[in-house]
Number of protein chains: 2
Amino acid sequence: MSHMGYGCLMALDRDHVLRAAAALLTRKSTATMDEVAKAAGISRATLHRQFAGRDALVRALEALGIAECETALDAARLDDGRAEDAVRRLVREAEPAAGLLAFLYTENQLFEGEEQHAGWARIDDRITALFRRGQQSGEFRIDLTPAWLTEALFGLLASAVWLVQSGKGAPKDFRHMTVELLLGGALRRDETRREES
Amino acid sequence: MSHMGYGCLMALDRDHVLRAAAALLTRKSTATMDEVAKAAGISRATLHRQFAGRDALVRALEALGIAECETALDAARLDDGRAEDAVRRLVREAEPAAGLLAFLYTENQLFEGEEQHAGWARIDDRITALFRRGQQSGEFRIDLTPAWLTEALFGLLASAVWLVQSGKGAPKDFRHMTVELLLGGALRRDETRREES
DNA sequence: CCGTGATGAGACATCAATGTCTCACATGGG
DNA sequence: CCCATGTGAGACATTGATGTCTCATCACGG
């Protein structure tokens with residue numbers, strides 16, 4: 001047998017391929033298996049050995065996205081301190097996975113089936129609970145439902161990814177754009193406005 | 001010839017087909033021409049007589065979306081009064097077209113080519129100008145670029161559409177969700193918060 | 001009643017992506 | 001040196017969507 005190097009190298013290869021596929025599919029969601037293989041620097045045959053087919057590849061990307069998202073949720077410690085700060089931590093931790101999430105977010109093929117990955121429900125629940133906690137503590141407004149705030153968080157993450165990819169926004173502004181619009185909105189929120197009113 | 005009924009009926013048919021296609025493709029962006037035809041209540045042959053192919057159909061939907069968007073922009077009178085109120089009018093006017101816009105928003109196939117419809121640039125310019133006006137008048141915060149606010153507007157519109165379609169949000173809340181989060185964000189913005197600070 | 005034109009149904013070829021296979025080659029350990 | 005394993009390249013069949021065609025039917029106006 002080819003021994004210990006086996007699991008290690010394969011895992012690295014697999015992860016590398018998934019990263020490359022995610023990067024490509026985020027830009028061009030209709031990319032061919034050939035293109036994915038080329039982007040990953042491997043042949044189509046090898047790609048097909050690692051992932052039974054396009055569907056399996058997308059499923060693996062979904063699992064990767066869910067895993068990274070849950071890692072981000074853990075690292076953000078959503079239950080600690082003020083909910084506003086937890087949201088800021090969450091966006092910061094989720095930023096590396098945002099590209100992949102943006103791709104998965106538009107892959108409605110994943111959600112139209114009757115059976116969808118239970119991970120999304122778990123993630124949804126945790127973020128929804130965070131916004132609910134913020135409402136109960138009086139930090140967040142209560143006229144926007146936690147479900148909507150959760151959906152908006154993902155939507156804004158995806159929008160920020162596309163803005164940066166199109167060159168109309170700077171990558172360094174990613175976190176500030178997302179979190180400030182989600183939490184504070186577009187209106188000014190300072191003394192000058194109180195004077196006017 | 002079949003005369004005056006010709007132009008009239010054809011136009012109605014064409015519009016009806018486009019509406020049905022938009023409704024279906026918004027839910028399932030990979031729908032087949034057969035499915036589109038079935039959804040529109042016509043045969044695949046007739047569908048193919050009206051639109052040379054799938055690409056032509058998507059292009060027609062794009063043109064329809066641009067036209068409806070520009071109609072909404074006109075009706076919203078973006079240059080009148082406070083920018084905040086203009087944004088509210090814009091969301092209200094754009095609501096009927098939101099489903100179609102959400103579909104086009106994720107159809108990145110439309111944007112990956114070197115040549116993209118000039119209508120999007122016009123629309124982007126008008127909305128960007130609105131946010132810039134709001135910043136110059138002191139209504140909007142200046143740390144979020146007009147380009148980002150424009151992107152976020154579309155992103156939130158699409159997110160709201162998907163939330164409603166998934167049943168996790170009520171259609172009647174559509175406008176309030178979108179405009180309130182875009183303008184005001186998730187944080188409370190009232191006296192209680194000032195007392196805390 | 002008869003023609004014109006649009007439609008629906010279906011057959012058919014085409015095409016692109018996919019899935020499967022074989023084979024030659026390189027690498028790395030024994 | 002030899003063998004085992006993973007890989008790249010390419011041929012091949014399959015599949016599903018698409019584009020094109022014909023033909024029977026139907027509605028409508030003359």
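Chain letters run A, B, ... following the sequence lines, proteins first and then strands; every chain starts at 1. What you see below is based on every heavy atom in this structure, not just the backbone, and it leaves out hydrogens, waters and symmetry mates.
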Report all interatomic pairs (protein N or O, nucleotide N or O of nucleotides 23-26 of chain C) with separations under 3.5 Å.
none

Okay, side chain of [X], backbone of [Y]: is any donor-acceptor separation there less than 3.5 Å?
X: A:E107; Y: A:S29; answer: no
X: B:R175; Y: B:E95; answer: no
X: B:R132; Y: B:A147; answer: no

Query raised in the report: Atom CG of B:D13 and atom P of C:dA6: how far apart are they, to the nearest Å?
Result: 12 Å
Report task. Whole angstrom is fine here: how far is it from NE2 in B:H48 over to P in C:dA9? Result -> 17 Å
**Report entry** Stems involving DNA chain C, each a run of at least 3 consecutive Watson-Crick or G-U pairs under 3.5 Å
**Finding:**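 DNA chain C forms these stems: C:1-30 with D:1-30.
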Query - Listed partners of A:T178 passing side chain to side chain donor-acceptor pair (under 3.5 Å), at least two apart - result: none
Query - side chain to side chain donor-acceptor pair (under 3.5 Å) involving B:T128 - partner list, sequence neighbours excluded - result: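 Side chain to side chain donor-acceptor pair (under 3.5 Å) list for B:T128, sorted by chain: B:T150.
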Report summary line: Under a 4.0 Å heavy-atom cutoff, the residues of residues 52-59 of chain B touching DNA chain D are B:G53, B:R54
Requested in this report: Using ring pair (Phe, Tyr, Trp, His ring centres under 6.0 Å) as the criterion, list what pairs up with A:F131, not counting sequence neighbours.
Outcome: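 Scan of A:F131 (ring pair (Phe, Tyr, Trp, His ring centres under 6.0 Å), adjacent residues dropped) gives A:F140.
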Query raised in the report: Taking only residues two or more places apart in sequence, or in another chain, which ones meet A:F103 in a ring pair (Phe, Tyr, Trp, His ring centres under 6.0 Å)?
Result: none
Query - In one Ile/Leu/Val/Met/Phe/Trp/Tyr side-chain cluster, 4.5 Å: A:I142, B:L182 - result: no
Query raised in the report: Quick one: salt bridge (charged side-chain N to carboxylate O under 4.0 Å, His left out) pairs with a partner in residues 20-35 of chain A, sequence neighbours left out?
Result: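 Every salt bridge (charged side-chain N to carboxylate O under 4.0 Å, His left out) pair that includes a residue of residues 20-35 of chain A, provided the two are not neighbours, is A:K28-A:E35, A:D34-A:R44.
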Query - Heavy-atom closest pair, residues B:F51 and B:A60 - result: CE2-CB, 3.6 Å
Requested in this report: Measure across B:C69 and B:I123 and return the closest heavy-atom pair with its distance rounded to 0.1 Å.
Outcome: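 Minimum heavy-atom contact is CB-CD1, 3.6 Å.
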Query raised in the report: Could you give the distance from CG (B:L104) to CG (B:L25), rounded to the nearest 0.5 Å?
Result: 9.5 Å
Query raised in the report: Near DNA chain C, which residues from residues 32-43 of chain B have a heavy atom under 4.0 Å away?
Result: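 Under 4.0 Å from DNA chain C: B:G41, B:I42, B:S43.
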Query - salt bridge (Lys or Arg N to Asp or Glu O under 4.0 Å) partners of B:E180, counting only residues at least two apart - result: A:R141, B:R88
Query - Set of residues satisfying salt bridge (Lys or Arg N to Asp or Glu O under 4.0 Å) with respect to A:D124, sequence neighbours excluded - result: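 Partners of A:D124 under the salt bridge (Lys or Arg N to Asp or Glu O under 4.0 Å) test: B:K168.
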Query raised in the report: Would you say the side chains of B:S159 and B:Y105 form a donor-acceptor pair under 3.5 Å?
Result: no
Polar pairs (N or O, both sides) under 3.5 Å between protein and nucleotides 10-15 of chain D?
none

